[in-house]
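Down below is the structure, laid out as structure tokens.
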Amino acid sequence: MKVAMIGWEYPPFKAGGLATHCLGLTSSLADKNILVDFYMPKTKHRVYNNKGNLRIIEVGETEIYPYDRPDEKDLSGAFFESVYKYNNLVVQKVSRKHDIVKYDLIHVHDWLTMKAGIALKEKLGIPLIVSIHSTEYDRSGWLYPNQWFIDIEREGMEKADLIITVSHFTKRTIVEKYGINPDKIRVIHNAVYPLGEGEKKNLVLFLGRLTIQKGAEFFLKAAKKVLEYENTKFVVAGTGDMFHRLVDTAVHLGIANNVIFTGRLTDEEVRHIYQIASVYVMPSVSEPFGITALEAASAGTPTIVSKTAGVAEAFKNCLKVDFWDVDEMANKIISLLRYDALRNTLAKEGKREIMLFTWDRVADKTIEVYREVV
Amino acid sequence: MPSVCFYFEVHQPMRLNRFSVFHIGKNIHPMNYFNQTLNKNIFEKVANKCYLPTNNLLLKLIDQYKGEFKVSFSLTGTFVEYCQQYMPSLIESFQQLFSTGSVDLIEETYFHSLASLYDELDEFEEQVLMHREMIKQLFNYRPMVFRNTEAIYDNRIARKVADMGYKGIITEGTEKILGWKSPNYLYKPINANIKVLLRNYTLSDDIGFRFSAQGWVGFPLTADKYAKWMANTPGDIINLFMDYETFGEHHWPETGIFDFLEHLPEEVFKHENLEFITVSEAVKRYEPVGEIDVPWAISWADEQRDVSTWLGNEMQHACFRELQDIGKKLKEKGDRDLLNIWRKLQTSDHLYYISTKGFEDGAVHQYFSPYDDPYDGFINYMNILQDFKQQLIQ
């Protein structure tokens, strides 16, 4: 089977879980004898690949982080222009390749590449698979979602032959908010490459894009409460459009001395911080999956996640809270810091359960979906 | 001729209130550890779905078959306290059943606790004596047969129970202790003079677990089919031990569980080789056919049939240690009210909720748990134990 897969990010260029997903999926598909041409924008980073069945094809150029919330002024500017430009270039490039390769299907990820997916399906007459890793409702934290994105997403989902979502949570969203027929949606939970354990330090970690979606302000409010009882450090790792607001919040809460903002971290730094953290918190307002929770757990770090996060459907050995319930979040953080038995059990059982979350399984399930349309 | 020995466990734990780390040390009265509203609601719900209708049915059947239909019960102290507080008529209903002469009562620890697994057995003995006192007061009766919490059993427990004067003790008829031997006879511990009744887990679970399982080869289970199975079972005695809540709660009335029970005596009496028997009659009538040696504790719980259901992970062990430590401090202090709270906290269910066992049994655990998951259960219970410890020092 030959697949033209169109994406936006691929390690080391990485804005979020999508890059991690594309790496894991394409590598495991290649191992299962699926020929994958992965199209992505050219970046300053070099992409490494040693799989014979996998080709990374770079098209055009961009430095945009599409999951940052664009300001109003950007909406008509460079942001959309570069998305359109990339989609048009991809259509041309895939069409030319198709003449030689004869793809069996097109597989696109999220709104960024949907225009190209739709155009190619019509032009080449082959099936279209759309993977939904997040919707506009998630990225906006369900506050003022932008209709422009929603329309693109809906069009892509409607035109798709089958849709893959990373959770039942996301399946529900696209049935309820986009009016998509549930019969054409397949749920495939994400996976993780285990990181391995490190020596734990007395610190509580948030790691993710600093956007409204990820709920870092709830992390800071819980930190304030925890610090009234326990002496520990809180790390906010990542960057995003809320960075300055969050720094201000930490100052206003009077906890600036105990909160470290790291900014964007390299892959190596990310791995390290997962390994040394005693607690990982993912207080997302709206989280289709949340691979970071699996990454933390794979490093033996007990994890607290939003009850509604996709990962909470599938991963049992983590603590679950409502993202807005900062008292309960603080209760759980303090309990983790105080009770060795809780920390140890979560770490041990979590690492064991992580073994079930393989990209191999994701690839198998994805191939099942391909077989339904080819 | 195998005798059919029905025995029902009747128990409700005292579930806990939500107790966060922020409640610790705030001088909350220990009686408020327990969630009265939730406990009352669950108790009344189960009473109406199970206890009252099943008692009435049993009463009718005993009358209908002129006392030849017999069952045995074990009522925990916490269950009886609920009755006294919320539904005294339920106690009267059990008294009425007992007065037929076809109902036997079994001893256990008052608090359905794991005291039999403590380093010392003094607390275990006290809780058994409390139960003995309760049964005497309510029924003017002294049980001959003992069943430990969830049938937990080992050589040490057997000897202690024999020393306390009981003639019989109940545990699980698992291959772990029997090997090729049949559970349908009485046995004797290698180290004590007492008769051991072993639960026939296949036939018991056919009713307890599988009755409404549509994918099961025995489905639907009818009284005549079940009676035939028993008639074809070799041995002296078939011990059918299960939660009383099997009737109307674990299996809803719609599954036909009450019809099954109602028709069972009739079908059993169609077989000349079958009859009903109580646990006391069983230990009087039958002699042990062999010895059993159980150096490590077994139980009737989960697939493993050991105590890992309550002491399977580090969180459970941590709580169990705290409980025992608190006990040592409490006994020096001798405060009766606090002693009573400590004992209510010992009910095994609190540790059961913290089990992180595999996915198969996990579903069963989840069904009974008031918590979202075992981790929530641990945090809540441990926070309460920490608070209780602080109140003790004051």
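Within every chain, numbering begins at 1; the chains are lettered A, B, ... in the order of the sequence lines, protein sequences first and strands thereafter. Only a predicted model underlies this, so the values are computations on that prediction, with no experimental measurement involved.
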Checklist entry - Highest number of heavy-atom pairs under 4.5 Å with chain A: which of B:Asn383, B:Ile354, B:Val21? => result B:Val21
Next on the checklist: Take a 6.0 Å sphere around NZ of A:Lys365 and say whether it holds more than 12 heavy atoms from other residues, nucleotides or ligands.
Outcome noted: no
Checklist entry - Going through the checks in order, is the side-chain contact (heavy atoms from CB on, under 4.5 Å) test met by B:Tyr375 and A:Lys316? => result CA-CA 10 Å; B:Tyr375 300 109; A:Lys316 291 187 162 67; over 6 Å; no
Checklist entry - Distance from A:Asp340 atom CG to B:Glu314 atom CD, nearest 0.5 Å? => result 7.5 Å
Checklist entry - Do any N or O atoms from the side chain of A:Asn331 and from the backbone of B:Ser20 form a donor-acceptor pair under 3.5 angstrom? => result no
Next on the checklist: How about CH2 on B:Trp252, more than 12 heavy atoms from neighbouring residues, nucleotides or ligands closer than 6.0 Å, or not?
Outcome noted: no
Next on the checklist: Less than 6.0 angstrom from the centroid, inside 45 degrees of the normal: does A:Lys225 satisfy that with respect to the ring of B:Phe22?
Outcome noted: yes
Next on the checklist: Is it the case that atom NZ in A:Lys200 sees more than 12 heavy atoms from other parts of the structure closer than 6.0 Å?
Outcome noted: yes
Checklist entry - Got more than 12 heavy atoms from elsewhere within 6.0 Å of NE2, A:His272? => result no
Item to check | A:Leu336 portion near chain B, given a 4.5 angstrom heavy-atom threshold | outcome: neither
Checklist entry - Any salt bridge between A:Lys320 and B:Asp376, counting N to O under 4.0 Å? => result no
Item to check | Engaged part of A:Lys307 at the chain B interface, taking heavy atoms whose separation is under 4.5 Å | outcome: side chain
Next on the checklist: Quick check on B:Gln316 against chain A: is it the side chain, the backbone, both or neither that has a heavy atom closer than 4.5 Å?
Outcome noted: neither
Next on the checklist: With a sphere of 6.0 Å drawn around CZ of B:Arg18, does it hold more than 12 non-hydrogen atoms of other residues, nucleotides or ligands?
Outcome noted: yes
Next on the checklist: Once rounded to the nearest 0.5 Å, what's the spacing between atom CG of A:Leu319 and atom CZ of B:Phe378?
Outcome noted: 10.5 Å
Item to check | Non-hydrogen atoms of B:Ile379 and A:Ser335 that approach each other most closely | outcome: CG2-OG, 3.2 Å
Item to check | A:Glu372 atom CD: more than 12 heavy-atom contacts under 6.0 Å | outcome: yes
